[in-house]
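Before any comments, here is the structure.
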There are 2 protein chains.
Amino acid sequence: MQRSSGTPLYKKVFEELKSKIDSGLYKMGDLLPSENELCKLYFTTRPTVRQALNDLSNLGYIVRQHGKGSIVSEPKNGLGILSLKGSTAGVGKHNLKTAIITKPIKQAWPESFEFELTPEEKEAGSIYLSRLRYVDGLPTLFEETYISNIDLPRFTLHNLEKNSLFETLKNYHDVEVKEGEQKIWAIEASKDLAEMFNIKAKKPVLHMKRRLKTNKKNLFIYSFLYCNTQDFFIQDYF
Amino acid sequence: MQRSSGTPLYKKVFEELKSKIDSGLYKMGDLLPSENELCKLYFTTRPTVRQALNDLSNLGYIVRQHGKGSIVSEPKNGLGILSLKGSTAGVGKHNLKTAIITKPIKQAWPESFEFELTPEEKEAGSIYLSRLRYVDGLPTLFEETYISNIDLPRFTLHNLEKNSLFETLKNYHDVEVKEGEQKIWAIEASKDLAEMFNIKAKKPVLHMKRRLKTNKKNLFIYSFLYCNTQDFFIQDYF
DNA sequence: TAGTGGTCTAGACCACCCC
DNA sequence: GGGTGGTCTAGACCACTAT
């Protein structure tokens, strides 16, 4: 089976199992097929299916129990916006809607930037956009994104209301998001932020600064997130 | 080599490499020995060393670059208290000191508890302790811990100032911490908390509620953490 | 071209859980 | 006892990086 298409087999297994859980085909408490059964289903071997199952376990979709099997977990109550592994943000059983506050525009990098930029990035400048995300109708997540403006022709023309940022990057520009790093603080909401979130100024807000690598050298994605944790919380497995 | 002692070989490789990085034997920018060289060093095969290298990569100790090698990363500025993988909290290049605020005492579970308890746990009651942790001398982390009081004879007698909680559990009670789940909020500091942290009340504080599994059935560790992010931040890799 | 990490095969033994 | 996941062996081919 050795990777005839471009995507690794373990990712395919991961995606299929994930979508079967998301769609409710496997419900909470169900046992997934055993590793050996999955091997037969996908014509592969245990290390490969184990890589997929490990990823599912890290995202909290399953719990693996020695001697028993892989048990499907309860849908999350929280927002799985930590530990995103290249895929789009997970919001568990909640609905996510996105409003573009600032359409993508080319601009120079901010004067002082949290992360160190390579000379090539500085030279190329950035593409900036900002989005407000509603969870179950409540404004919960404000995200400012800077992308190194490298090899992204006509990027500012995309309609990001309909398509996810990561999917747009992958489908139109062959950019795949890989690993990343993030820093987290609790801060006071600024006046503008409080207004967006419909809370009082100076209320606590969760703040994240994040740097994502891609498959392109020098092309990074920087995200500055603000999360209102009055109504929701962030959830994470490890 | 097949596990003569109790600990898996990949963990041994992980621990040795980690300590060589921590001690400065491998410095930032250095290349670790290649996977094949590590295989020879530890008389094992690639999947095993890869498991160790993956764990190091997830903790931000190294960056793995295709075609080049495993590059030692810069020591973290932030606190690695997310994504602890069974080991004790990582504080990067900072110093950590711990003061016991409440010595371990047996008590019933609180009336309303964030996590669901098994009947066996409810029956057994809990052991409670609380600690204040100083990072570089600054009070930064307040941690309340509840442990299911199952098979932990004379636990309340331990001196936890000197020994880490996880090591005590492992060495004296054969309890190993495994995977976990955590929830995160930004909240206002209570009066007591603000006093401990030497900040004003109602200032934003990062709050985590965490449930850790162990190798013993029904024995869980619950941690309620409060982190002052005025001087430090939390850092995470994925 | 040589060496690296990324993916994968085809087996194996063990510890743990359930019946 | 039979099946499960946890760990491990001993190879293989591929894609990427450096030279």
Side-chain angles (χ1 to χ4, degrees), chain A residues 1-15 17 29-58 62-72 85-86 174 176 178-179 213-219, chain B residues 1-15 17 29-58 62-72 85-86 174 176 178-179 213-219:
Chain A
M1 167 118 338
Q2 190 102 340
R3 38 189 311 336
S4 52
S5 88
T7 59
L9 182 50
Y10 76 88
K11 278 195 182 164
K12 196 185 151 200
V13 178
F14 167 83
E15 291 297 342
L17 290 174
D30 287 357
L31 286 176
L32 291 190
S34 78
E35 297 188 354
N36 283 318
E37 284 168 345
L38 288 171
C39 290
K40 286 174 201 153
L41 281 173
Y42 290 96
F43 303 100
T44 182
T45 50
R46 280 189 63 209
T48 303
V49 312
R50 279 179 65 74
Q51 198 164 345
L53 292 172
N54 272 334
D55 288 351
L56 283 171
S57 168
N58 284 337
I62 60 173
V63 174
R64 313 183 68 188
Q65 198 170 322
H66 200 160
K68 194 168 179 195
S70 300
I71 307 159
V72 176
K85 273 209 158 62
D174 219 33
E176 280 180 70
K178 314 210 108 168
E179 75 229 68
K213 294 188 185 180
T214 68
N215 56 341
K216 309 278 186 191
K217 214 171 184 172
N218 288 312
L219 204 173
Chain B
M1 166 113 347
Q2 190 103 335
R3 37 191 304 351
S4 51
S5 89
T7 57
L9 181 50
Y10 75 90
K11 277 194 183 164
K12 195 185 150 200
V13 178
F14 167 84
E15 290 297 342
L17 290 173
D30 286 359
L31 286 176
L32 291 189
S34 77
E35 297 187 354
N36 283 317
E37 283 168 345
L38 289 171
C39 289
K40 287 175 200 153
L41 282 173
Y42 290 97
F43 303 99
T44 181
T45 51
R46 280 189 63 209
T48 303
V49 312
R50 279 179 64 75
Q51 198 164 348
L53 292 172
N54 271 335
D55 289 350
L56 283 171
S57 169
N58 285 336
I62 60 173
V63 174
R64 314 182 67 189
Q65 197 170 325
H66 198 160
K68 195 169 177 191
S70 300
I71 308 161
V72 176
K85 273 212 158 58
D174 220 32
E176 280 180 71
K178 313 211 108 168
E179 74 226 69
K213 294 189 183 177
T214 69
N215 56 342
K216 309 277 187 195
K217 214 170 185 174
N218 287 313
L219 204 173

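None of the values given here were measured: they were computed from a predicted structure. Note on naming: letters A, B, ... go to the chains in the order of the sequence lines (proteins, then strands), and numbering restarts at 1 for each one.
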Practice task
Just call it for A:K11: base, sugar-phosphate, or nothing, with non-hydrogen atoms closer than 4.0 Å on any strand.
Solution key: nothing
Practice task
Assign A:T45 to base, sugar-phosphate, or nothing according to its heavy-atom contacts below 4.0 angstrom with the strands shown.
Solution key: base
Handout entry: Of the listed nucleotides D:dT17, D:dT7, C:dT9, the one nearest the side chain of A:R46
Key = D:dT7
Exercise for the section: State which of C:dC8, D:dC8, C:dG5 makes the closest approach to the side chain of B:T44. Expected result: D:dC8
Please report, rounded to the nearest Å, how far the [atom2] atom of [N] is from the [atom1] atom of [X].
X     : N      : atom1 : atom2 : value
B:H66 : D:dT17 : NE2   : P     : 8 Å
A:Q51 : C:dG6  : CD    : P     : 10 Å
A:R50 : D:dC8  : CZ    : P     : 11 Å
B:I71 : D:dT17 : CD1   : C1'   : 11 Å
B:E35 : D:dC14 : CD    : P     : 18 Å
A:K40 : D:dT4  : NZ    : C1'   : 13 Å
A:Q65 : D:dG3  : CD    : P     : 19 Å
A:K68 : D:dG2  : NZ    : C1'   : 16 Å

So, OP1 or OP2 of [N]: does either fall under 4.0 Å of a side-chain N or O from [X]?
X     : N     : value
A:S70 : D:dT4 : no
B:Y10 : D:dT7 : yes
A:R64 : D:dG6 : yes

State the [atom1]-[atom2] distance between [X] and [Y], to the nearest 0.5 angstrom.
X      : Y      : atom1 : atom2 : value
B:N215 : B:K213 : CG    : NZ    : 13.0 Å
A:T45  : A:N36  : OG1   : CG    : 10.5 Å
A:L41  : A:L17  : CG    : CG    : 9.0 Å
B:Y10  : B:D55  : OH    : CG    : 6.5 Å

Exercise for the section: Starting from the 5' end of DNA chain C, give me the residue, B:P47 or B:N36, whose nearest nucleotide shows up first. Expected result: B:N36
Problem - B:S34 or B:K217, whichever maps to the more 5' nucleotide of DNA chain C - result: B:S34
Practice task
Look only at the side chain of A:T214 and the backbone of A:L219, and say whether a donor-acceptor pair between them is shorter than 3.5 Å.
Solution key: yes
